[in-house]
Amino acid sequence: MTTTSDVGTGAVTAAGTEPVTGGAAAGGTAPAVAEPRTLTYSEAVREAMAQAMTADESVFLFGEDVGTYGGAFGVSGDLVHRFGTERVRDTPISELGIVGAAVGAGLAGMRPIVEIQFSDFTAQAMDQIANQAAKIHFMLGGAATVPMVLRAPGGSGTGAAAQHSQSLEAWFAHVPGLKVVMPSTAADAKGLLLSAIDDPNPVIVLEHKLLYKQSGPVPEDPVRVPLGETAVRRTGADVTIVATGVMVPRALEAAERLATDGVSAAVLDPRTLRPLDDQTIVDSVAATGRALLVQEAPRTGGFMSEIAARIVESPAFGRLQAPVSRLCGLDVPIPYAPQLEQAAVPQVDDIVAKAGELVRRW
Amino acid sequence: MTTTSDVGTGAVTAAGTEPVTGGAAAGGTAPAVAEPRTLTYSEAVREAMAQAMTADESVFLFGEDVGTYGGAFGVSGDLVHRFGTERVRDTPISELGIVGAAVGAGLAGMRPIVEIQFSDFTAQAMDQIANQAAKIHFMLGGAATVPMVLRAPGGSGTGAAAQHSQSLEAWFAHVPGLKVVMPSTAADAKGLLLSAIDDPNPVIVLEHKLLYKQSGPVPEDPVRVPLGETAVRRTGADVTIVATGVMVPRALEAAERLATDGVSAAVLDPRTLRPLDDQTIVDSVAATGRALLVQEAPRTGGFMSEIAARIVESPAFGRLQAPVSRLCGLDVPIPYAPQLEQAAVPQVDDIVAKAGELVRRW
Amino acid sequence: MTLTADPGLAKHALTTMWTIRRFEEAVDDMFARGLMHGTMHLSIGQEAVPTGACMALSEGDYITSTHRGHGHCIAKGAKLDAMMAELLAKETGYCRGRGGSMHIADVATGNLGANGIVAGGVPIAAGAGLAVRMRGGSQVVVSFFGDGAVNEGAWHEGVNLAAIWDLPVVFVCENNRYGMSMSVDRAFNVDTLAERARGYGIPGVTVDGNDPQAVHDVVTDAVQRARSGGGPSFVEALTYRWKGHSKSDKNLYRTREEIESWRERDPIAAFESAVTGAAAATAPSVPPALSESDVEECRILARDRVREAIRTASAAPDADAATLTDAVYAPAGAPIAGGTRG
Amino acid sequence: MTLTADPGLAKHALTTMWTIRRFEEAVDDMFARGLMHGTMHLSIGQEAVPTGACMALSEGDYITSTHRGHGHCIAKGAKLDAMMAELLAKETGYCRGRGGSMHIADVATGNLGANGIVAGGVPIAAGAGLAVRMRGGSQVVVSFFGDGAVNEGAWHEGVNLAAIWDLPVVFVCENNRYGMSMSVDRAFNVDTLAERARGYGIPGVTVDGNDPQAVHDVVTDAVQRARSGGGPSFVEALTYRWKGHSKSDKNLYRTREEIESWRERDPIAAFESAVTGAAAATAPSVPPALSESDVEECRILARDRVREAIRTASAAPDADAATLTDAVYAPAGAPIAGGTRG
Ligand SMILES: Cc1ncc(C[n+]2csc(CCOP(=O)(O)OP(=O)(O)O)c2C)c(N)n1
Ligand SMILES: Cc1ncc(C[n+]2csc(CCOP(=O)(O)OP(=O)(O)O)c2C)c(N)n1
Ligand SMILES: [Mg+2]
Ligand SMILES: [Mg+2]
């Protein structure tokens, strides 16, 4: 709409990322390889685990029902048949114990991947996550490391109600010593997980239930997507939409619709919340002059407040043509009824409306 | 310094609070009563519990070592001798179990106060706090309530290192269904706790270890301080300092020093993070044109990012003369060594420097 | 009390079991036809446990329930239409459509809630027991949970609190041999879960969970013990779920033969045999409690109740998004549903 | 192995116990004089447990420790100067002054860390055991914890994992009769904590924790069992802490008589009697392992080591605030201190 930004209206290109010009939720930072096949997000996660386990004997997966059952969301699938019950290990229902066991196994030289069936159940394991895994390296003055990955699906949209639908990334992102990853594409689900497994620190990987069945191109090789690089999913001149998780495809769909209305929206996906590549975000906001921050989690204290704070603390502050705006889940537990559940978190229409308003009003 | 704010340089007065003109960390919203005595913060907490237990048979206190030992920080003191071992009840070391028991006792008609010895150990109990206590009223469609208070001391400064020094308010403030209170004065420690006990919802009261021995005037009567009212601890024209917990007295000390430098700083203390009285904050920032948000917790994802986001989403955005600035704990676990521990969280000097810079540079 | 000899009790037990069965069959069907959303955990095959256990309770007694909680809710006396309305996401549902299957509860009958969190209800039960005890009440709390829950820290901590404070709580484990897919043989290193009880200094007993009489007998003992100040007990009821864990279950972790062998031990069919005297073990001198037509009456009653519930619930208004943010916080002075004050 | 009969072992055990005692007395003193900050949990009176237990371990074996961990650290072979430097917040401390008393650990000797969280080390120990087992190693993990820890969910879950997977872990409970102030009599409904072991299907034994020989014997059995694939065990060592729980303890929850009666059962004095043949129970036919002067030598060695550690540590540079944010994250490719890869 507006085109008077004094930094020009050209494409916003993130440092270290390749801008994606199509509207699809594809992309990532993989160096060019042979035309990638299409996999679902959950297949991509599985492939990453399989490749990591093949390459490194110390990598293994454990968690509730990850074996014969194949995981509550089918993510581990047939891995138990390929790697055996020792390396794809069913556990009793005891989240604190198994995360603690991952800490211990990591300290003793393994590279465990622990699956928590729903990210809501990390609440059971917060001591081992936040007080142990995150802090041991520091508390021991660097004398030991805790390489481990905790994978857990978050998000609403499945009618599973308040205790099975949360988006808890803000809890983890607030804990120094953790890294926090939220992949939104199949390619990133694989590439970021591979980086997480390589990392000598505890990494929380928050997958999204609604994305598990989404497909996208995924390189066959074990191509790493580095932690800490914001992906520019779409360039745009009028407003920068920053979104995470399932809000990324929604933001992209919204951007398509906004484009037909003459509003040019950039869509940025931080992918890693900790460490956060805020530079790419700040650069984009400085260019567009407007920021719409979209998260599924309830508004108060969500991670988008951190991004808002960083934007206004940055040089982009002087370039703002509109207040930095958040579009968030309502401050309610996720309800069961489908129409209420829909109303509780941002939908494509909401993004279109809010972004349009930001651009038109300011 | 600057005096060009277009809303004038007069005193900022919070709706529903009485501005405190002295520099001391006194105040609160108590209606005027006979000249209050001076109590320490921990005595004030104890008095609130005693008065609540005297007035209402359904109120009781339980937690690790709250009985004969008198509480790890001596807060319960002699209560066991006054109310007996049933109503001032020692528990085994099992935070998840005792918070769950508080939920159950609340559901069944009691008004439990559960003490968690260090707020760090709420990590053990996060399921009962966030998945049960916070959500039951909503999940049951309003058919039941969970009146309970969870008291826990937070904060650093005692050399207790990373697992005993955290400031975890952001975790709780992000959970719909919880109320979150952080008293910074003795009067508020009493008055807010009384309101928390009255409240039919689960309330997390985060006390601060370093404040336990601070004294202040406290009304003898069981005077409630309502939840959800930001206190204006000091009025000022050039910059609004928003601070929580032990940062409130530090901010007040800084404001005194800034005043001698000709910088007029307002100091606001939200006291309740959830529900947050953001209107008082926004009004003050609109008046001063500058906001400095000070928290002890690590910067990334801390509660001050929420306040920053609300300020820039509000009409105060148009009045900002400087970027909204946070002064926070470093993104590190709290270290043991005293000089490192000091360096990890904001000190008075840091506040003076940062506020001065905000006013002078912009 | 002898459920199999007293006609009134026999009818009540049988009707309750049939009601649970029919209710869940209906739910299963509606779910398959896309009329319900979310997920469902059915307790078909396990009906004897809630039935036998809840018949040992009096008015005012509490229960805490689980993700697999329809049976507990029904056995404790909930209204089927409000339950069905909840599953259909109606404003008239017990939770006004906010909770769904995993949070359904009739607080008025002392049900403190189903729970989506495995073992989540266990410390809550201890707390309710503590409330009773502090008020000098005589109520008892029955806490239901599965075998899988026994390995959770919450279970351990909750049971210990009840044990050291002699709280009036009966811990009823529905051991259906599997967590989601992990068998008790792999998740435990002991033969019976009741062995866990000793470590807390409370009685632990294992019982045939497909026999409502057997469940009733041991729970009655435990309830009496609890009510008279004797403290908590642990009851392990051996049973089996016929259906998958939830909708996504492909039953890869157990054999068709195993499922079949348990279907042959249908708790309802066995109870019908027992009460009509068809069971071989019945002494010929005892007259059968129920006739074939009594049994048929129970079946029909159950079927009709469920049909009626579906009809009523279906006609009710959908949960209203306009009031979505309503019940996040209780207003000041809100009554406490679960008990009295002071 | 008979610690009381073999002069080498006897000297090692005695010197270790004296070293722990002298180290903690020195710390207590420095703390009182304001030379140390933070808080301290002293294990004076409990020295026989870590000494007897760690002497059952071989190089490469792991331990997990607690908030009351100086004894474990010393018994596992840590350097006193790096320990003292840590307490004095020096850059040369084991944790570069970042951790302090509650996190002190010599990872090189297999100590995976003291822990400020009660029972925090228990599932970590299970995980280390799992790592050993998956690598086909022969190491054993000893997990130390207090009586209070046994009621934590983490303990329950960690022990169960070790039990079902037959992991090489020995759970050593230092039952000093109190959590912070809550006695085991009030926190448990069982006579011995070893009774808890049965519920997990692992051996549980209670032993005199003031006798290093007794501790050594049962831990040696348990270690052998673990090393040979026989799975975990639980050892409850009955002992007592002479000092308050921490600096803020006013000892209101126990009597002076009780403390006195346990001081009379000083594990070090008793062991000295045993090894020098002064104890009545010693058969006259067995020659004493140590002479009075051997004993004196051990005492002096311990005292001198501690003095030397204080001297070295005091001279070291303070922890450096300039590098405060250094070790929050390990750099890519950082070595894993606790073991080897692949
Ligand atoms: C804390 C927690 N962990 C995991 C789950 C996922 N989950 C739901 S039911 C279930 C199996 C529970 O097994 P059990 O306790 O035996 O009850 P059953 O389903 O057999 O009735 C699991 C793993 C959960 N809901 N909560
Ligand atoms: C999870 C947790 N809860 C509470 C505390 C506070 N605390 C520290 S030590 C202690 C007592 C521990 O008792 P026990 O396990 O018997 O060990 P002891 O101190 O007797 O050696 C308590 C309550 C803690 N550090 N961690
Ligand atoms: Mg089960
Ligand atoms: Mg102890």
Side-chain angles (χ1 to χ4, degrees), chain A residues 95-96 120-132 134-135 138-139 161-163 166 168-177 273-274 276 293 297-315 317-318 320 322-326 330-333 335-336, chain B residues 95-96 120-132 134-135 138-139 161-163 166 168-177 273-274 276 293 297-315 317-318 320 322-326 330-333 335-336:
Chain A
E95 292 78 11
L96 180 59
D120 312 70
F121 315 150
T122 57
Q124 265 79 352
M126 278 309 266
D127 176 62
Q128 288 290 338
I129 296 170
N131 291 337
Q132 311 291 347
K135 295 182 171 57
F138 181 85
M139 291 189 303
Q163 292 174 333
Q166 291 168 90
L168 296 171
E169 63 274 10
W171 282 2
F172 306 112
H174 188 45
V175 180
L273 303 191
R274 188 169 194 124
L276 176 70
L293 314 178
R299 164 181 303 255
T300 301
F303 192 74
M304 285 303 162
S305 65
E306 175 65 28
I307 294 187
R310 294 215 191 170
I311 291 171
V312 295
E313 283 168 346
S314 79
F317 173 73
L320 286 173
V324 173
S325 264
R326 289 176 297 167
L330 297 180
D331 274 323
V332 297
Y336 164 68
Chain B
E95 291 78 12
L96 180 60
D120 312 70
F121 315 151
T122 58
Q124 264 81 352
M126 278 309 266
D127 176 62
Q128 288 290 337
I129 296 170
N131 291 336
Q132 311 291 348
K135 295 182 171 55
F138 181 85
M139 291 189 305
Q163 292 174 332
Q166 291 168 91
L168 295 171
E169 62 274 10
W171 282 2
F172 307 112
H174 188 45
V175 180
L273 303 192
R274 188 169 193 123
L276 177 69
L293 314 178
R299 164 180 302 254
T300 301
F303 192 75
M304 286 302 163
S305 65
E306 175 65 29
I307 294 186
R310 295 216 190 169
I311 291 171
V312 295
E313 283 168 345
S314 80
F317 173 73
L320 286 173
V324 173
S325 263
R326 290 177 296 168
L330 299 180
D331 274 324
V332 296
Y336 164 70

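We use all heavy atoms of the structure for the numbers below, so side chains are in, but hydrogens, waters and symmetry mates are not. In what follows, chains carry the letters A, B, and so on, assigned in the order in which the sequence lines appear, proteins first and then strands, with residues in each chain numbered from 1.
Between chain A and the residues B:Ala322, B:Pro298, B:Gly301, the most heavy-atom pairs under 4.5 angstrom are made by B:Gly301. Put simply, of A:Leu96, A:Asp331, A:Thr122, the one with the most heavy-atom pairs under 4.5 Å next to chain B is A:Asp331. Annotation: maximal heavy-atom pairing with chain A below 4.5 Å, among B:Ser305, B:Gly177, B:Gly302, occurs at B:Ser305. Per-residue counts of heavy-atom pairs under 4.5 Å with chain B were compared for A:Ala161, A:Ala130, A:Pro335; the largest is that of A:Pro335. Of all the listed residues (B:Thr300, B:Val312, B:Asp127), the one sharing the greatest number of non-hydrogen pairs under 4.5 Å with chain A is B:Thr300.
Between A:Arg326 and B:Arg310 there is a side-chain heavy-atom pair separated by less than 4.5 Å.
Using a 4.5 Å cut-off between heavy atoms, B:Arg299 contacts chain A through both its backbone and its side chain. Only the side chain of B:Gln166 comes within contact range of chain A, with at least one heavy atom under 4.5 Å from a heavy atom of that chain. The contact between A:Ala162 and chain B is made by backbone and side chain atoms together, counting heavy-atom distances below 4.5 Å. Heavy atoms closer than 4.5 Å to chain B are found nowhere in A:Ala125, neither backbone nor side chain. For a residue to count as touching a neighbouring chain, one of its non-hydrogen atoms must lie under 4.5 Å from one of that chain's; by this rule A:Ala308 touches chain B with the side chain only.
In this structure, the separation between CD on A:Glu306 and CE on B:Met304 is 13.0 Å, given to the nearest 0.5 Å.
Between A:Met126 and B:Ala123, the closest heavy-atom pair is CB-O, 3.4 Å. Closest of all the heavy-atom pairs between A:Gln163 and B:Asn131 is NE2-O, 2.8 Å. Here the closest heavy-atom approach between residue A:Phe138 and residue B:Pro333 is recorded as CE2-O, 3.4 Å.
Ring-plane geometry between B:Phe317 and A:Phe317 is classed as perpendicular, the angle between the planes exceeding 60 degrees on a 0 to 90 degree scale with a lower cut at 30.
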